[in-house]
2 protein chains.
Amino acid sequence: MARDERKRPTIYDVAREAELAPSTVSRALSNPGRVSSRTREHVLAVADRLGYQVNSLASALPSGRTHTVALFVSDITNPHFFGIIRGAEHQARAAGCTLILGDTEESPEVEARNIERLGGSVDGFVVAASRMTDEDIEELAGKHSVALISRQLAGLPSVIVDHVDGTREIVEHLSALGHESLVYLAGPRRAWLTDQRWRGLAQAARQVGMSARRLGPFQPTMRAGANAADVALGSGATAAVAHNDLMAIGMLRRVAERGMRVPDDLSVVGFDDIFGSDFSSPALTTLGGPFEEVGRLAVDSLLGMREKSREARRAEQIVLPSHLVIRGSTGKAPAR
Amino acid sequence: MARDERKRPTIYDVAREAELAPSTVSRALSNPGRVSSRTREHVLAVADRLGYQVNSLASALPSGRTHTVALFVSDITNPHFFGIIRGAEHQARAAGCTLILGDTEESPEVEARNIERLGGSVDGFVVAASRMTDEDIEELAGKHSVALISRQLAGLPSVIVDHVDGTREIVEHLSALGHESLVYLAGPRRAWLTDQRWRGLAQAARQVGMSARRLGPFQPTMRAGANAADVALGSGATAAVAHNDLMAIGMLRRVAERGMRVPDDLSVVGFDDIFGSDFSSPALTTLGGPFEEVGRLAVDSLLGMREKSREARRAEQIVLPSHLVIRGSTGKAPAR
DNA sequence: CAACTTTTGGCAACCGCTTGCCGTAGTTGC
DNA sequence: GCAACTACGGCAAGCGGTTGCCAAAAGTTG
């Protein structure tokens, strides 16, 4: 009682007060089945009275469990990641974990370096839109628990939003509006999604008898959207599918700047349904998805991994449904 | 050499390999002035060869320095915070620290609880737009290092963007356009900024002979903006200043929905210059600021606090200049 | 009721690093 | 040439928990 000199009480304080050994206190707190319920309740009561709180650092040291997960995103200023971040944060908190957020700035080097740096002090990594190579990710996964977002890799848990169905929907929508040609303004070469989206678009286009071309790559930013718009307009296609909404919104502005009209002269489609895509002018047709859920599930399967034995731990690859949000940026193809 | 069984090498491994005591290795690594340069270089070389990396948990335990700071924001999905988050993340990384991000969801309880939870495992807190009472913040600051963003409190370091000058600019801008009355659509009662902004607007209005009324409070969200728009239109004022851009953008939509026009029927001004405020329709006139810098400086002064002796540590209250970004949502006052 | 199993609490050895204190060797002053 | 310092390396005691192992207590069984 006398020695509460501003310091947080430790299990030793609780033990003394409860007239038990520190080890017993530790067990009562973190391994309740190991002590009698009478003892446990006594410990709990004393701990509560003293205002005891575990020192998470101290408990992480011997146990190896830090109760911390890291989430890396490729660009922290892309609104697309908000939902993911929020979902991940929620799920982490619900599981009693702390979330560390990292920005990899579109660079595989920054990504690798930051992950390395955190290596020993987190229970695992959720990596969204990784720019690393498959090999590097596999190496990383050999050393730490890893869950992927917007990327699939055999043997690793992942959460993505369906793009096969999504791209098909986009193409059918455009086809229904009379478009006969589209261009895909590709994202970064290292982004797994870039190829996936292109593949989906190309295949769907083939099936409905539309021509499709891939142009780029472009940085997935609003600024690069201006460039993409010029390239798209120059291509002669009547519909442009941008790698993401940031680019698509940048395109809308550039098209207007050049005195052309969306969708009369060019229809534009994006991906992600980000904040702002509903009030751009025109509002953007885009492929949305349940991104909070994505973040939540990624953290979930990351934390789940540790439970399962190495055997039973066949990584689950989750695919969530996407949905096409049709707005003003797509319209009838211009007459020939 | 033989015992690199998947485990990360420790200072003991380095010590053995370098034929020195672990304590010397520890000093060579983290207190270079304490050993001879010959020794230090030898240690560094061996550590490098073995691929040694400090275990930050283990070093945090005895030293109390975790090299981690936490940033709390009131709403992680508000784009306003992106810049702050990014700036904070950069500065933290530059200082060799890890950033933990927390969402307080506009709730003082969630805020207090989360801060409490992290208490022992971070070096300090940056709290942006805190919803806690002055008393609670002071209590918190008694136990931990705290730096404030968008809030001032005597004795605590803080970074804010100038609102006195900013609100004056807004009012003068509106006055110049012929407006004679404005309404302020207030933000949450617990937000320090709500009163500050209102005070600034009211005073500036008095000086230019404009009438000013305060309405609300409203939640600082797009959704609440619809409500705010109706209230503003009903007030008879010709100019509306929303608590933030989220609300302002929500207002723009609602005004259009009701068949009125911005700025012909009502001029609208926001705060923050968030992502999207440049492509809403019409584009939003808003008070911007160097928010990345805000995040950066907040982390900076938080980390700086620990250096200074308790005496010299007179908390710096930083005020960064704001700037009015004039766009299409403000225009000439409608003729009587 | 003896023999045996299951609970339950305690002891002590870590986890990996930091740091106060001590002793030795080398340097400086007079 | 000797006392007084200073520089530098080592020893060992933590930091606050966790956990393997042991022994006493309690519960089972025939």
Side-chain angles (χ1 to χ4, degrees), chain A residues 3-44 46-47 50-68 96 119-123 306, chain B residues 3-44 46-47 50-68 96 119-123 306:
Chain A
R3 69 176 297 289
D4 68 321
E5 345 199 3
R6 287 268 144 251
K7 293 198 73 257
R8 289 166 40 144
T10 70
I11 51 168
Y12 292 90
D13 298 319
V14 176
R16 189 170 352 92
E17 195 73 10
E19 305 192 301
L20 284 167
S23 55
T24 305
V25 174
S26 172
R27 290 199 182 96
L29 260 25
S30 54
N31 192 355
R34 187 60 176 66
V35 298
S36 72
S37 56
R38 255 173 44 77
T39 308
R40 172 163 17 103
E41 270 163 32
H42 179 210
V43 169
L44 255 35
V46 173
L50 261 45
Y52 170 80
Q53 263 189 289
V54 295
N55 177 328
S56 50
L57 261 57
S59 76
L61 193 47
S63 71
R65 298 269 291 116
T66 62
H67 291 283
T68 299
S121 32
V122 301
D123 287 345
R306 306 191 56 110
Chain B
R3 70 177 296 289
D4 68 324
E5 345 199 2
R6 286 273 143 247
K7 294 197 73 254
R8 291 167 38 146
T10 72
I11 53 168
Y12 290 90
D13 298 319
V14 176
R16 190 171 350 93
E17 195 73 8
E19 305 191 299
L20 283 168
S23 54
T24 305
V25 173
S26 171
R27 291 200 181 95
L29 261 25
S30 54
N31 193 357
R34 188 59 176 64
V35 297
S36 72
S37 56
R38 256 171 44 77
T39 307
R40 171 165 18 103
E41 270 162 34
H42 180 209
V43 169
L44 256 37
V46 173
L50 262 46
Y52 170 80
Q53 264 189 286
V54 296
N55 177 328
S56 51
L57 262 57
S59 75
L61 193 46
S63 70
R65 297 271 289 119
T66 61
H67 292 282
T68 300
S121 31
V122 301
D123 287 344
R306 304 190 57 110

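Numbers restart at 1 for each chain; the letters A, B, ... are given by sequence-line order, proteins then strands.
Here dG9(C) is the nucleotide among dC17(C), dT18(C), dG9(C) with the atom lying nearest to any side-chain atom of Arg34(A). Side-chain proximity of Thr24(B) to the nucleotides dG16(C), dG10(D), dG9(C) is greatest for dG10(D). Residue Pro62(A) places its side chain closer to dG17(D) than to any other of dG9(D), dC17(C), dG17(D).
The minimum heavy-atom distance between Ser26(A) and Ile11(A), with the atom names listed, is CB-CD1, 4.4 Å.
Here dG9(D) presents its P atom at 12 Å from CD of Glu41(B), a figure rounded to the nearest Å. Between the CG atom of Leu61(B) and the P atom of dG17(D) there is a distance of 9 Å, rounded to whole Å. In this entry the distance linking CD1 of Ile11(A) with P of dG9(C) reads 15 Å, nearest Å. When rounded to the nearest whole Å, the span between NE2 of His42(A) and C1' of dT8(C) equals 16 Å. As rounded to whole Å, 18 Å separates atom P of dC15(C) from atom CG of Asn55(A). Going from atom CG of Asp13(A) over to atom P of dG16(D) covers 9 Å, rounded to whole Å. Leu29(B) places its CG atom 14 Å from the P atom of dG9(D), with the value rounded to the nearest Å.
Using a 4.5 Å cut-off on side-chain heavy atoms (C-beta onward), Val35(B) and Thr24(B) make contact. Contact check for Val25(B) versus Tyr52(B): no side-chain heavy atoms found under the 4.5 Å cut-off. The side-chain heavy atoms of Thr66(B) and Leu57(B), taken from C-beta on, include no pair separated by under 4.5 Å.
Looking at heavy-atom distances under 4.0 Å, Leu57(A) makes no contact with the nucleic acid at all. Across all strands, Ser26(A) comes closer than 4.0 Å to base atoms (heavy-atom distances).
Arg27(A) contributes a side-chain N or O that forms a donor-acceptor pair with the base of dG20(D) under 3.5 Å. Under 3.5 Å, the side chain of Tyr12(A) and the base of dG16(D) form no donor-acceptor pair of N or O atoms. Taking only distance into account, the side chain of Arg8(A) never meets the base of dG16(D) through a donor-acceptor pair shorter than 3.5 Å.
Checked by atom type and distance alone, the side chain of Arg40(A) never pairs as donor or acceptor with a backbone atom of Arg34(A) at under 3.5 Å.
For dC17(C), the OP1/OP2 oxygens have a side-chain nitrogen or oxygen of Tyr52(B) closer than 4.0 Å. Ser36(B) has a side-chain polar atom (N or O) that falls below the 4.0 Å cut-off from OP1 or OP2 of dG9(D). At the phosphate of dT19(D), neither OP1 nor OP2 sits under 4.0 Å from any side-chain N or O atom of Ser23(A).
Checking Arg38(A) against Pro22(B), the closest nucleotide of DNA chain C that is more toward the 5' end is the one next to Arg38(A).
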